[in-house]
Amino acid sequence: MSDKELRRYSRVVVDGDEQAPSRAMLRAVGFSEDDFQRPQIGIASTWSMVTPCNMHIGGLAEEAAKGANEAGGKGVIFNTISVSDGISMGTPGMRYSLVSREIIADSIEAVVGAEGFDGVVAIGGCDKNMPACVMALARLNRPAVFVYGGTIRPGIKRRDIVSVFEAVGAKSSGSITGSELLDIEQTAIPGPGACGGMYTANTMASAIEALGMSLANSSAQEAVSSDKIADCRRAGEAVVNLLRKDIKPLDIMTRKAFENAITVVIALGGSTNAVLHLLAMAREADVDLSLDDFTRIGAKTPVLADVKPSGKYLMSELIEIGGIQPLMKRLLDVGLLHGDCMTVSGKTLAENLADIADYPAGQDIVRDFANPVKPDSHLAILYGNLAPEGAVAKISGKEGLQFEGSARIFHSEETALQAILDNAIKAGDVIVIRYEGPKGGPGMREMLSPTGAIMGRGLGADVALITDGRFSGGSHGFVVGHVTPEAAVGGPIALLEEGDRIRIDAESKQISVDITDAVMATRRKQWKRPVSPVTKGALAKYRSAVSSASEGAVTIPAAWDD
């Protein structure tokens with residue numbers, strides 16, 4: 001490929017007398033004369049000081065730019081936003097979390113499209129900016145690599161952010177003191193990096209690597225490490241290589257690649273948010289993916305990693321034994337992965353894994369196929385008269401596979417949390433938190449505060465929680481989210497009343513309420529949607545455009561009429 005072909009987009013911006021003003025502007029930001037003849041590589045950084053997940057990414061972006069420059073490109077760093085789930089959790093600010101995914105994707109698309117970058121390195125470090133980066137890369141379809149910012153190191157006594165959320169519930173039950181809660185708060189987060197278990201950030205990093213959009217081991221490196229610095233350098237080099245080979249994201253993000261990502265998420269016991277984000281990423285890549293694909297793949301894929309929140313180990317401990325590459329090699333060897341999928345290395349998945357050694361003998365973090373954590377998926381897609389369009393349960397099996405109880409109705413996360421902390425929730429209750437869906441929130445908040453309080457109060461095996469909102473990757477217990485249709489559009493969850501008998505069955509994949517269709521129809525006639533205080537701004541725009549959680553909660557533009 002000629003140099004001019006490598007500069008497919010940037011040459012429109014910098015070539016010719018008529019683009020002298022563009023070149024004049026670029027000289028001021030550090031372009032030399034030679035740089036105008038190099039392919040421009042946009043380095044999309046999600047650096048900010050609003051969260052430890054992203055506080056170090058500015059330095060990683062500089063390393064990626066160096067890699068691109070050394071490979072013959074011209075790296076140009078730009079920034080986008082990030083919001084912190086862990087900080088905003090349990091507050092009205094959490095409504096902006098999922099909304100930020102769309103804002104980030106839009107902003108990366110806008111900058112790359114406007115500036116004429118020929119390739120992109122996108123670096124994400126927290127839950128929503130990671131799928132957002134990949135969504136933007138799919139839209140743009142220019143040679144690109146995603147880099148994960150890396151996981152946080154464990155706190156004292158292997159503590160992490162979920163330790164703090166669960167300690168809040170423990171203090172309310174009297175099982176720990178205020179000084180013990182303060183000690184946990186002060187020692188759980190030792191520095192930069194994403195939350196340390198197989199929560200949403202580490203889940204999505206692993207999924208994106210399995211998808212083929214990250215270099216090998218990008219998902220399994222600590223945020224503060226020489227390995228992560230080298231990963232960023234290699235990513236800059238890799239994009240220039242992809243330019244020369246003319247390999248673009250849509251060559252990589254195929255249906256088979258998404259099936260690989262789903263398989264790895266299940267084997268790792270990953271977050272329910274992976275369902276939402278993989279559906280959204282697939283839509284941007286024009287890949288036909290649905291909730292039922294998770295059921296189909298989950299029926300043959302075991303959970304093999306004994307990792308938090310339901311298991312014992314943190315991501316740093318998985319890194320110590322080799323990360324996810326040996327797991328992927330095992331899955332490939334038994335026919336559970338498609339080895340012919342192209343990746344950002346310029347090689348197929350099978351080629352990348354050909355020389356990967358197995359885990360060291362004696363480790364018990366990743367189980368053998370003969371002794372899985374669970375023989376099939378922990379992600380159960382449920383249907384029934386409570387969720388005719390589907391719901392997503394995260395059931396490890398430790399909580400049991402069925403639950404039946406009486407509905408306790410709450411119209412917000414805050415009121416449910418207060419009831420839990422006030423000891424108003426008893427064994428046998430099914431906590432129902434509604435009007436927290438994509439439109440109802442708006443923004444589909446995560447429910448880590450109530451689930452953490454449930455576990456902290458020792459009720460994890462005794463109560464269930466269902467919601468049209470989401471769960472943090474740190475949530476565990478008998479929990480069902482993404483209930484669709486959501487309450488705000490009159491879904492059945494909106495029609496539940498206090499005391500209704502609800503049954504959840506992970507084996508038969510059913511979630512139902514014990515009332516007749518006639519009663520449901522009567523309640524629907526009487527139902528009125530609560531008035532929302534949100535009338536303008538980003539949340540209102542999101543509410544008007546967002547789709548169902550069963551479709552990934554993507555924002556769908558209105559049709560253009562000629």
Side-chain angles (χ1 to χ4, degrees), residues 53 85-86 124-128 130-131 148-155 158-163 165-166 188 193-211 214 217-223 261-278 294 298 301-328 330-331 359 363-367 372-374 377-380 392-399 446 448 451-452 455 470-477 479 481:
C53 307
D85 292 0
C126 196
D127 296 11
K128 307 311 166 298
M130 299 165 66
Y148 177 40
T151 191
I152 196 171
R153 290 174 175 168
R158 298 176 67 250
R159 290 168 177 163
D160 64 1
I161 187 62
V162 175
S163 307
F165 278 99
E166 294 184 359
C195 300
M198 192 52 64
Y199 312 142
T200 304
N202 283 316
T203 297
M204 290 312 302
S206 302
I208 294 167
E209 182 176 328
L211 186 68
S214 294
N217 273 328
S218 184
S219 70
Q221 295 161 344
E222 289 186 334
I262 293 171
T263 299
V264 169
V265 166
I266 292 169
L268 288 169
S271 167
T272 55
N273 279 317
V275 178
L276 196 75
H277 296 324
L278 287 170
F294 288 83
T301 306
V303 179
L304 297 174
D306 189 12
V307 289
K308 289 187 175 232
S310 298
K312 296 187 334 190
Y313 294 101
L314 291 163
M315 189 67 183
S316 288
E317 292 164 311
L318 178 59
I319 290 169
E320 288 176 3
I321 65 167
I324 74 165
Q325 290 278 298
L327 171 63
M328 290 172 65
R330 288 184 177 186
L331 293 167
Y359 292 115
Q363 64 82 28
D364 64 346
I365 300 173
V366 179
R367 304 266 192 95
V373 175
K374 191 172 183 289
S377 180
H378 63 302
L379 299 176
V392 181
K394 182 180 182 182
I395 299 175
S396 69
K398 296 178 180 179
E399 314 84 356
E446 292 180 345
L448 182 54
T451 60
M455 301 306 293
R470 297 181 294 129
F471 292 110
S472 163
S475 292
H476 57 125
V479 297

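Heavy atoms only: backbone and side chains are in, while hydrogens, waters and symmetry mates are out.
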*Given the rule in the side chain to side chain contact (heavy atoms under 4.5 Å, CB included) test, do His277 and Thr203 qualify, once you have shown the distances and angles that lead to the verdict?*
CA-CA 11 Å; His277 296 324; Thr203 297; over 6 Å; no

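- Across all their heavy atoms, Gly270 and His378 have their closest contact at O-NE2, 2.7 Å.
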*Decide side chain to side chain contact (heavy atoms under 4.5 Å, CB included) for Val392 and Phe294; before the verdict, give the C-alpha distance in whole Å, the side-chain angles of both, and the deciding distance to 0.1 Å.*
CA-CA 10 Å; Val392 181; Phe294 288 83; over 6 Å; no

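- Asp160 places a side-chain N or O within donor-acceptor distance of the main-chain N or O of Ser163, the cut-off being under 3.5 Å.
- Between the side chain of Thr200 and the backbone N or O of Asn273, no donor-acceptor pair lies under 3.5 Å.
- Looking at residues two or more places apart in sequence or on another chain, you find no salt bridge (charged side-chain N to carboxylate O under 4.0 Å, His left out) involving Glu209.
- Heavy atoms only, all atoms of each residue included: Ala261 and Ala210 are closest at CA-CB, 3.9 Å.
- Qualifying side-chain contact (heavy atoms from CB on, under 4.5 Å) partners for Arg367, counting only residues two or more places apart in sequence or in other chains: Asp306, Asn371, Val373.
- Contact record, Cys195 with Cys53: N-SG, 4.5 Å, taken as the closest heavy-atom pair.
- Partners of Glu222 under the side-chain hydrogen bond (donor to acceptor under 3.5 Å, both in side chains) rule, at least two apart in sequence or in another chain, are Arg153, Ser316.
- Taking the side chain as every heavy atom from C-beta outward, Leu268 and Leu318 approach each other to under 4.5 Å.
- Using a distance-only test at 3.5 Å, with no hydrogens or angles considered, a donor-acceptor pair links the side chain of Tyr359 to the main chain of Gly323.
- For the pair Met455/Pro309, no side-chain contact is recorded, criterion being any heavy-atom separation below 4.5 Å from C-beta on.
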*asked:* Set out, in order, the CA-CA distance, both residues' side-chain angles and the distance that settles side chain to side chain contact (heavy atoms under 4.5 Å, CB included) for Val366 and Arg330, then state yes or no.
replied: CA-CA 11 Å; Val366 179; Arg330 288 184 177 186; 3.9 Å; yes

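- Side-chain atoms of Val265 and Leu379, non-hydrogen and from C-beta on, do get closer than 4.5 Å to each other.
- The closest donor-acceptor contact from the side chain of Thr301 to the backbone of Gly298 lies at 3.5 Å or more, if one exists at all.
- When all heavy atoms are compared, the tightest approach of Met204 to Met130 is C-CE, 3.9 Å.
- Nearest heavy-atom pair across Gly322 and Asn217 is O-OD1, 3.7 Å.
- A salt bridge links Lys128 with Glu446: at least one charged nitrogen is closer than 4.0 Å to a carboxylate oxygen.
- Panel note: side chain Arg158, backbone Lys312; a donor-acceptor pair is recorded below 3.5 Å.
- The heavy-atom pair separating Gly86 from Phe165 by the smallest distance is O-CZ, 3.8 Å.
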